[in-house]
Amino acid sequence: MSGNSTYQPQSKVLQWFEKRLPIGGLIHSSFVAYPTPRNLNYWWTFGGILSMMLGIQIVTGIVLAMHYTPHVDLAFKSVEAIMRDVNYGWLLRYLHANGAAMFFLAVYIHMFRGIYYGSYKEPREVLWILGVIIYLLMMATGFMGYVLVWGQMSFWAATVITNLFSAIPGVGDTIVTWLWGGYAVGNPTLNRFYSLHYLLPFVIAGVVILHVWALHVAGQNNPTGIEPKSERDTVPFTPYATVKDGFFMACFLILYCWFVFYVPNFLGHPDNYIPANPAVTPAEIVPEWYYLPFYAILRSIPDKLLGVVALFGSILILAFLPWLDTSHVKSGRYRPLFKQFFWLWVIVCIGLGWLGSKPPEGIYVIMSRLFTLYYFAFFIVILPLLGIFEKTKPLPNSISESVLGAKA
Amino acid sequence: MTTVSSAEHTRRDFLYIATGAVGAVGAAAALVPLIAQMNPDASTIAAGAPIDVDLAPIADGQIIKVFWRSKPIFISHRTKKEIDEAKNVALASLPDPEPDSERVKAGHDQWLVVIGICTHLGCIPLAHQGEFDGWFCPCHGSQYDTAGRIRKGPAPKNLPLPPYKFVSDTKIQIG
Ligand code: HEM
Ligand code: FES
């Protein structure tokens, strides 16, 4: 949130205020005068969309919390009461449940964008790692929110996910008992998940502020991956980025509303409308779609500890990306080989998601193993080697040259 | 502002170190209740008292489920065939080798009492299913035999045995 502030409020009152707390100048320099590369495409609008989704989750969440009861005997009933009795309760809950899914959709697009254009590379490593932290917090928040409903899927998801920690040698079982506050998932577990589900979105909001701060120190990356060199390479945030972001936010909201109003349960699992029953595990348990790729990785490995290590490793490896990718060229646009491996990797990620929803048998297991192998190979083998062997295309001299042609 | 620096140790240095030390101890002490409050509370522990189970109504070949410490306990009244299957397997071929005699109480071969929680990630396996006549876990496909031993799938260990004893020939106490 740097940048030289040219902010000069007109009114005397605002001038008086600005002298005492220069917040107007901060906003002006961060979101009005802030120079953005002139060649940003629509893939750059997802940061704004993500902030909007966080806001929507917090607002709908706070009002849901006014009607929700975190107790094993009442949680499921209170969610049903939200659906049937509370004024517009059905809308608020569908907005929140589908909002989580849209939030993840946006974060995945945002991350794929970052990887394709090399946005994690110098000088944006810290910015990238803050993003990975936000993503981890989102996963924890979404998981705990899903448990709050206290349906069959909630209960068994809570059981399976907390049991991941039992794989830790020696202290695993002690940790799991501590997480549960009992000898199985139960009321203490539900109660603490509620407390944390309420808290974590605000922690996310805090990390988002750091993320945007780091962004405004390093400046935005852009489709060419070369840094702005002169004023001709940038345009002011307002109106250019504001309008572009706003337009795509509206498009995104239409998709979101389509889910909410036409297929509100499409992304959910019907078994979660059965109250939690600690005595019976449902015939098939699957997580929400946004966790499926990691679930497939977990199941592809026939060893408990290694499976859990691979699951967490597949997420944590993202934090090391800035150092695994050895290429000096940022943008995939000028990296012909990288481009192919990247798209294959995207297909593998989506394929793993599909496999995570299939029963772990026969051909599905074999495919999961191959896909898991490629997932990791992309980071550990392909990216380090590509930087050394790949022959990249020539870069334009500047952003404006790439947009306007060499003679400009 | 000017700061006076002296090579000598001052009283401020002493205060600095002493305050830091007390602060560190205080912070560590504060962590104890903050962490301990998440462990099972007194009522949860009290609810884990032993329970008695009457075995008489359980028919030959039947498996029942009871709850102890909010964990499901499988009590299997094994048939002759099931006992033989459990005994006649080559121990070396098991992922977690344990002879059948260590899975049951001496003289009570027909009664298998195990905690019904899959040792993989905690689902409840389904009885009388899978390739080994024992249990099949629907979550990630682990299979257990008639002695509750893991035979196939991602689970690393046999179904654990709860602490229990026979109070009479037809009654056990779990816990
Ligand atoms: C990062 C932002 C958030 C995410 C990703 C998220 C995610 C979720 C998810 C996936 C569910 C389960 C929805 C369902 O299947 O019904 C849920 C439920 C819930 N969430 Fe959130 N949430 C967020 C923020 C919040 C906040 C800030 C609050 C409260 C202040 C909140 C309160 C609740 C409540 C009370 C429920 C249970 C009622 C229901 O099932 O709709 N959430 N959340
Ligand atoms: S929990 Fe039983 S196989 Fe995973």
Side-chain angles (χ1 to χ4, degrees), chain A residues 72 155-167 169 172-189 191-192 195-196 277-287 295-296 298-308 311 356 359-362 364-365 368, chain B residues 32 34-49 63-74 95-96 115-127 129-131 135-143 150-158 160 162-163 174-175:
Chain A
V72 287
F155 183 89
W156 291 101
T159 300
V160 169
I161 302 296
T162 48
N163 260 307
L164 292 176
F165 295 92
S166 71
D173 287 332
T174 318
I175 292 179
V176 173
T177 306
W178 178 76
L179 288 173
W180 288 338
Y183 304 109
V185 171
N187 200 51
T189 326
N191 227 183
R192 65 189 55 177
S195 168
L196 294 174
N277 180 355
V280 182
T281 306
E284 48 153 328
I285 65 164
V286 279
Y295 194 59
L298 167 78
R299 294 194 309 187
S300 71
I301 293 173
D303 179 86
K304 177 169 167 176
L305 179 60
L306 289 180
V308 174
L311 166 71
E361 48 193 38
Y364 299 129
V365 177
S368 303
Chain B
V32 173
L34 287 176
I35 292 173
Q37 55 83 22
M38 278 178 66
N39 267 322
D41 67 10
S43 73
T44 310
I45 293 170
I63 298 180
I64 66 156
K65 208 177 335 183
V66 295
F67 275 83
W68 170 70
R69 282 192 158 190
S70 45
K71 290 187 199 297
I73 309 285
F74 294 151
D96 181 11
I115 298 180
I117 295 180
C118 182
T119 57
H120 183 226
L121 296 173
C123 292
I124 301 184
L126 305 167
Q129 282 194 34
E131 296 162 30
W135 286 269
F136 170 78
C137 181
C139 287
H140 318 100
S142 289
Q143 307 204 20
I150 180 67
R151 297 293 286 272
K152 203 173 170 184
K157 291 221 164 60
N158 301 333
I174 303 174

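Throughout, protein chains are lettered first and strands after them, A, B, ... in sequence-line order, and every chain is numbered starting at 1.
No more than 12 heavy atoms of other residues, nucleotides or ligands lie within 6.0 Å of NZ in B/Lys157, so this atom counts as exposed by the packing criterion.
Among all heavy-atom pairs drawn from A/Thr281 and B/Pro138, the shortest one is CG2-CG, 4.1 Å. Nearest heavy atoms, B/Pro40 versus A/Thr177: CG-CG2, 3.6 Å. Counting all heavy atoms, side chain and backbone alike, B/Cys139 lies closest to A/Tyr295 at O-OH, 4.2 Å. Pairing each heavy atom of B/Thr44 with each of A/Tyr183, the nearest pair is O-CE1, 4.0 Å. When all heavy atoms of A/Arg192 and B/Gln37 are compared, the closest pair comes out as NH2-O, 4.3 Å.
Your options are A/Ala279, A/Ser166, A/Gly307, and the one with the most heavy-atom pairs under 4.5 Å with chain B is A/Ala279. Contact tally against chain B (heavy-atom pairs below 4.5 Å) for A/Gly182, A/Pro282, A/Gly181, A/Ala184: the top residue is A/Gly181. Note on A/Thr174, A/Val308, A/Leu164, A/Val160: by heavy-atom pairs under 4.5 Å with chain B, the leading option is A/Val160. Between chain A and the residues B/Cys137, B/Cys123, B/Ala47, B/Pro156, the most heavy-atom pairs under 4.5 angstrom are made by B/Cys123.
For A/Ala283, the part lying near chain B is the backbone, with the side chain staying farther off; criterion is any non-hydrogen pair under 4.5 Å. With a 4.5 Å cut-off on non-hydrogen atoms, A/Ile161 does not touch chain B at all. Interface remark: B/Ile117 contributes no atoms to any contact with chain A (heavy atom separation under 4.5 Å). Looking at A/Pro359, neither its backbone nor its side chain comes within 4.5 Å of chain B, counting heavy atoms on both sides. Looking at A/Thr159, the atoms closer than 4.5 Å to chain B (heavy atoms on both sides) sit in the backbone and in the side chain alike.
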Please test B/Leu121 against A/Trp156 for side chain to side chain contact (heavy atoms under 4.5 Å, CB included), starting from the C-alpha separation and ending with a verdict.
CA-CA 10 Å; B/Leu121 296 173; A/Trp156 291 101; over 6 Å; no
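With hydrogens and angles disregarded, a donor-acceptor distance shorter than 3.5 Å links the side chain of A/Lys304 to the backbone of B/Thr119.
Interatomic distance, B/His140 NE2 to A/Ser300 OG, rounded to the nearest 0.5 Å: 11.5 Å. A/Asn277 CG to B/Ile124 CD1: the interatomic distance, rounded to the nearest 0.5 Å, is 8.0 Å.
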